[in-house]
Asker: 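Let me give you the structure first, and then I'll get to my questions.
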Amino acid sequence: MNIQSARFIKSIVAKDPTLEDGKPQIVFIGRSNVGKSSTINAILNRKDLSKVSSSPGRTAQINLFLINESFYFVDLPGYGYAKKSKQERTELQELINWYLFGQNYKHKKIILIIDAFTGPSADDFEILEAMEAEKLPVIIIANKIDKIKPSLQKNYKQELQEMFPEQKIIYYSTKTKVGLDELRKEILK
Ligand code: GDP
């Protein structure tokens, strides 16, 4: 599928009619600074549609983008940012849980982005478990694969697949664009 159009619609923090208009929702989730904005921009072939932030953890809202006038990219706030206060983190988690588990939205796919270099965090495991329990359609993207030496990648990929035996994992780098075609095919099919 080609991207004909992609535009930012709005940021939301609660129930909104846009989410109930019946269009499929492709969801992006991951910890703060994992490269979520860069990945969304790369898939859409846009430079700065989704802001690549220099101050991580700033976005405590859900950003909605309408693609080809027919489906949404739903950009959930990045979790696990250590510098946020406990209350801010709780609010953020509640917003994510509300969207993922509290509503009957049409999640076509949920893209969980993890950091290939630092490996999955406790938060990543927790959210994945919750999504699996709800049988949500999850794909894992291991971003920043450029930071792992090519000679170590085979072992690394094996280890990661053992950690997530049920999941499809796509290895990807926003920096080198390795894996981008596979990512686009998988997400937009
Ligand atoms: P977000 O907070 O998850 O939206 O993350 P951003 O897209 O803002 O990226 C966070 C930082 O990681 C930025 O400094 C990016 O340049 C960097 N980054 C993102 N993707 C990659 C990647 O594939 N490789 C490397 N080396 N750095 C990346």
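One-based numbering, in listed order, for ligands and for the atoms of each. None of these values were measured; they are calculated from a predicted model.
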Asker: Which of the numbered atoms in ligand 1 are below 4.0 angstrom from a heavy atom of K147?
Answerer: 26 (N)

Asker: With a heavy-atom distance limit of 4.0 Å, tell me whether D146 approaches ligand 1 through its side chain, its backbone, both, or neither.
Answerer: side chain

Asker: Between K23 and E69, does any NZ, NE, NH1 or NH2 come within less than 4.0 Å of an OD or OE carboxylate oxygen?
Answerer: no

Asker: Quickly, which of V74, I96, D75 forms a side chain to side chain contact (heavy atoms under 4.5 Å, CB included) with I62? Name it, please.
Answerer: V74

Asker: Of the options N41, T39, I40, N45, which is the one that meets I43 in a side chain to side chain contact (heavy atoms under 4.5 Å, CB included)?
Answerer: T39

Asker: With atoms numbered from 1 as shown, which atoms in ligand 1 lie under 4.0 angstrom from a non-hydrogen atom of S173?
Answerer: 23 (O)

Asker: What atoms of ligand 1 come closer than 4.0 angstrom to any heavy atom of K36?
Answerer: 1 (P), 3 (O), 4 (O), 5 (O), 7 (O)

Asker: Can you list the atoms of ligand 1 that are under 4.0 Å from a heavy atom of S38?
Answerer: 6 (P), 7 (O), 9 (O), 19 (C)

Asker: When you look for heavy atoms under 4.0 Å from ligand 1, do you find them on the side chain of V34, its backbone, both, or neither?
Answerer: both

Asker: For residues K189 and K109, determine if any side-chain heavy atom of one lies less than 4.5 Å from a side-chain heavy atom of the other.
Answerer: yes

Asker: For the residue pair F164 and F125, is the inter-centroid distance of their aromatic rings smaller than 6.0 Å?
Answerer: yes

Asker: What about I145: any of its N or O atoms under 3.5 Å from an N or O on ligand 1?
Answerer: no

Asker: How would you list, by chain and number, every residue that makes a side-chain hydrogen bond (donor to acceptor under 3.5 Å, both in side chains) with Y72, sequence neighbours excluded?
Answerer: D21

